[in-house]
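A short write-up of the structure that comes next.
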Amino acid sequence: MNTVGDLRMAISAINNNLQSTLIEGLNISKIGTDNGSAFDNLLSSAIDLYKETDELQNAAEESEINFALGYATSTHDLAIAQQKANISLQYTVKVTNKALEAYKELMNMQV
């Protein structure tokens, strides 16, 4: 039994699942055509994304503390919690950077 390979496969599966969950969480396809409603939906989706990232970061930190104190002995659970938090943070940073790029592009447009 290859535990490192199994762990990598598990992390890869979680990575794919988390990315699809985060993309579905944005609900981009449900944004309405009304400008006020579209912006409101987009903003609330972004806030939810930040909240979910914060929750995953807190869960990873709690897992680290529990492991350090000896309350948890599973390194797999610790690695999974850390990987979830890392992927979520990377995704949030990329979405934020793309939004800033779009904003800068709009501000540079000449009317």
Side-chain angles (χ1 to χ4, degrees):
M1 176 180 255
N2 184 357
T3 57
V4 174
D6 293 340
L7 181 60
R8 286 184 181 158
M9 286 177 37
I11 289 174
S12 176
I14 290 169
N15 180 3
N16 294 336
N17 187 21
L18 184 60
Q19 285 180 349
S20 65
T21 301
L22 289 173
I23 290 170
E24 290 171 5
L26 286 176
N27 294 326
I28 292 176
S29 63
K30 296 181 181 178
I31 294 176
T33 56
D34 180 27
N35 290 340
S37 175
F39 181 75
D40 183 44
N41 288 340
L42 186 62
L43 184 61
S44 65
S45 294
I47 291 171
D48 291 341
L49 178 65
Y50 281 105
K51 286 181 183 177
E52 185 174 351
T53 300
D54 187 47
E55 289 171 2
L56 289 170
Q57 292 287 332
N58 290 338
E61 185 177 334
E62 185 177 330
S63 293
E64 291 169 6
I65 291 170
N66 286 338
F67 185 77
L69 294 175
Y71 297 135
T73 58
S74 175
T75 57
H76 299 290
D77 291 339
L78 176 61
I80 290 169
Q82 289 174 334
Q83 189 67 21
K84 281 182 180 180
N86 186 26
I87 292 168
S88 180
L89 182 62
Q90 288 176 359
Y91 184 75
T92 302
V93 168
K94 286 182 182 181
V95 169
T96 302
N97 289 342
K98 287 295 181 182
L100 287 174
E101 286 178 24
Y103 174 77
K104 288 177 183 177
E105 184 74 25
L106 286 172
M107 291 297 110
N108 288 333
M109 283 185 169
Q110 294 181 358
V111 180

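No hydrogens, no waters, no symmetry mates; every other heavy atom, side chains included, goes into these values.
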Name every donor-acceptor pair, under 3.5 Å, that has one atom in a side chain of residues 93-102 and the other anywhere in the protein, sequence neighbours excluded.
residue	atom	partner	partner atom	Å
T96	OG1	Y50	OH	2.4
T96	OG1	T92	O	2.8
N97	ND2	V93	O	3.4

Show me the donor-acceptor pairs within less than 3.5 Å that the side chains of residues 54-61 make with the rest of the protein, sequence neighbours left out.
residue	atom	partner	partner atom	Å
Q57	NE2	A85	O	3.0
N58	ND2	D54	O	3.4

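Under the side chain to side chain contact (heavy atoms under 4.5 Å, CB included) criterion, Y71 pairs with N66, L69, sequence neighbours left out. Residues forming a side-chain hydrogen bond (donor to acceptor under 3.5 Å, both in side chains) with S44 (at least two apart in sequence, or on another chain): none. Looking at residues two or more places apart in sequence or on another chain, you find no salt bridge (Lys or Arg N to Asp or Glu O under 4.0 Å) involving E105. Among residues two or more places apart in sequence or in another chain, the side chain to side chain contact (heavy atoms under 4.5 Å, CB included) test is passed with Q90 by N86. Under the salt bridge (Lys or Arg N to Asp or Glu O under 4.0 Å) criterion, K104 pairs with no residue, sequence neighbours left out. In this view, L106 and M109 satisfy the side chain to side chain contact (heavy atoms under 4.5 Å, CB included) rule, not counting sequence neighbours.
Interatomic distance, OG1 of T53 versus OH of Y91, reported as 10.0 Å (0.5 Å rounding).
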